[in-house]
Amino acid sequence: MKKFVISGVLLFVLTFIVLFAGGFWYSMQLSAPSTSRETKRVVINRGSGVTQIAQKLESEGLIKSALAFRVYTQLNNLTGKIPAGEFDLAQNLGVAELIKTMIKGPSQLWVTIPEGFRREQTAVKVASDLNLSGDKKQEFISQFIGRQQKS
C-alpha cells in the first residue's frame, strides 16, 4: 500500500512537471522571434493550409515554431481564416498579433482573370476574390463596369 501511494505521488509530480514545462515551452514559442521592426514580404498561395503557412513563416524567421503556430490556430479556431496573398509582416510580432495582421488581409491580392472573360465576368471574379458581398459587391461591379472604356 505504501508503494502504491509513493508511486501515485511520483506520477502526479512528474505529470505536473511535464505539463508545466510544456506550457512554458508553448508560451515561449508564441512570443515574437525578434525585437526588430523590419518587415519581410511573405506570399501565401491560394489553397495553402496551416501547415504550409506555418512552415513558410518559420523559414522566414517570423515565428519560432511551426508546431506552436499550428496548435494556436487549432485552439483558437483560426484554421482556414488566413487569406492568400502577399503580406508585409514585422519580425517583432508574436503569433497572436501576426495572425491578426494576416486575417485583416494581404497588402497585395492577386486575381487571375481567365482569358476570354468579358468585363462583366471580370468584375464578378474580382469582387469574389476580394470577398465582397451584398451591396458592396454590386457597387464594386457597377463602378468596375462603368469605368471601362468602350472600344
Side-chain angles (χ1 to χ4, degrees), residues 1-115 117 121-144:
M1 183 70 169
K2 191 174 186 180
K3 286 183 180 183
F4 181 71
V5 172
I6 292 173
S7 297
V9 170
L10 283 176
L11 182 62
F12 175 77
V13 169
L14 286 174
T15 303
F16 178 77
I17 290 171
V18 168
L19 289 176
F20 180 76
F24 180 74
W25 174 86
Y26 179 70
S27 67
M28 292 304 295
Q29 299 309 304
L30 295 180
S31 64
S34 172
T35 56
S36 171
R37 292 181 182 214
E38 182 181 338
T39 61
K40 289 192 176 184
R41 183 159 288 180
V42 177
V43 176
I44 304 298
N45 297 318
R46 185 172 300 254
S48 293
V50 173
T51 300
Q52 291 92 3
I53 294 170
Q55 289 170 346
K56 184 171 275 196
L57 294 174
E58 185 178 42
S59 70
E60 292 291 331
L62 292 165
I63 60 173
K64 292 180 179 179
S65 168
L67 174 63
F69 182 90
R70 290 192 324 262
V71 169
Y72 183 87
T73 57
Q74 288 289 329
L75 291 176
N76 292 286
N77 198 26
L78 298 171
T79 304
K81 295 194 177 174
I82 298 174
E86 191 170 313
F87 298 87
D88 293 318
L89 301 169
Q91 295 175 320
N92 66 342
L93 299 176
V95 169
E97 296 95 0
L98 186 77
I99 291 174
K100 190 182 296 184
T101 300
M102 293 178 81
I103 288 174
K104 285 181 184 176
S107 54
Q108 292 185 9
L109 181 69
W110 300 341
V111 178
T112 303
I113 307 299
E115 187 176 343
F117 259 34
Q121 291 172 304
T122 302
V124 171
K125 171 76 170 139
V126 172
S128 294
D129 285 357
L130 290 172
N131 294 322
L132 299 176
S133 61
D135 292 339
K136 286 186 177 187
K137 182 175 183 177
Q138 292 307 317
E139 182 181 343
F140 175 83
I141 292 170
S142 297
Q143 288 181 359
F144 188 92

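Side-chain atoms are counted along with the backbone in the values below, which use heavy atoms only and exclude waters and symmetry mates. Please read all numbers here as calculations on a predicted model, not as lab measurements.
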[X] (side chain) donor-acceptor with [Y] (main chain) under 3.5 angstrom:
| X | Y | value |
| --- | --- | --- |
| Lys137 | Ser128 | no |
| Gln52 | Gly49 | yes |
| Glu97 | Gly94 | yes |
| Lys64 | Leu30 | no |
| Lys56 | Ile44 | no |

Gap separating the [atom1] atom of [X] from the [atom2] atom of [Y], nearest 0.5 angstrom:
| X | Y | atom1 | atom2 | answer |
| --- | --- | --- | --- | --- |
| Tyr26 | Ser65 | OH | OG | 9.5 Å |
| Asn76 | Lys100 | CG | NZ | 11.0 Å |
| Gln55 | Ile53 | CD | CD1 | 10.5 Å |
| Thr112 | Phe117 | OG1 | CZ | 10.5 Å |
| Glu60 | Arg41 | CD | CZ | 12.0 Å |
| Ile99 | Phe69 | CD1 | CZ | 4.0 Å |

Show the nearest heavy-atom pair for residues [X] and [Y], with the distance to one decimal.
| X | Y | value |
| --- | --- | --- |
| Thr15 | Leu11 | OG1-O, 2.7 Å |
| Asn45 | Ala84 | C-CB, 3.8 Å |
| Pro106 | Gly85 | CB-CA, 3.8 Å |
| Pro33 | Gly61 | CG-O, 3.3 Å |
| Arg37 | Ala90 | O-CB, 4.1 Å |
| Pro83 | Met102 | CD-O, 3.4 Å |

Item checked: side-chain contact (heavy atoms from CB on, under 4.5 Å) assessment of Thr39 paired with Leu89 -> CA-CA 5 Å; Thr39 61; Leu89 301 169; over 6 Å; no
Margin query: If you define the side chain from C-beta out and look only at heavy atoms, does anything of Leu78 sit under 4.5 Å from Ile82?
Written below: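 When only atoms from C-beta onward are counted, Ile82 and Leu78 do not touch, as no gap falls below 4.5 Å.
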Checklist line | Check: Leu93 and Leu62 side chains under 4.5 Å, non-hydrogen atoms | finding: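 No - every pair of side-chain heavy atoms lies 4.5 Å or more apart.
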Notebook entry, point to check: Given the rule in the side-chain contact (heavy atoms from CB on, under 4.5 Å) test, do Ile113 and Lys125 qualify, once you have shown the distances and angles that lead to the verdict?
Noted result: CA-CA 7 Å; Ile113 307 299; Lys125 171 76 170 139; 3.9 Å; yes
Margin query: Run Asp88 and Lys40 through side-chain contact (heavy atoms from CB on, under 4.5 Å) and show every step you take.
Written below: CA-CA 5 Å; Asp88 293 318; Lys40 289 192 176 184; over 6 Å; no
Margin query: Can you confirm whether the side chains of Thr79 and Gln74 place a donor and an acceptor under 3.5 Å from each other?
Written below: yes
Next item on the list: Report the C-alpha distance between Leu57 and Val95 in whole Å, list the side-chain angles of each, state the deciding distance to 0.1 Å, and finish with yes or no for side-chain contact (heavy atoms from CB on, under 4.5 Å).
Entry: CA-CA 10 Å; Leu57 294 174; Val95 169; over 6 Å; no
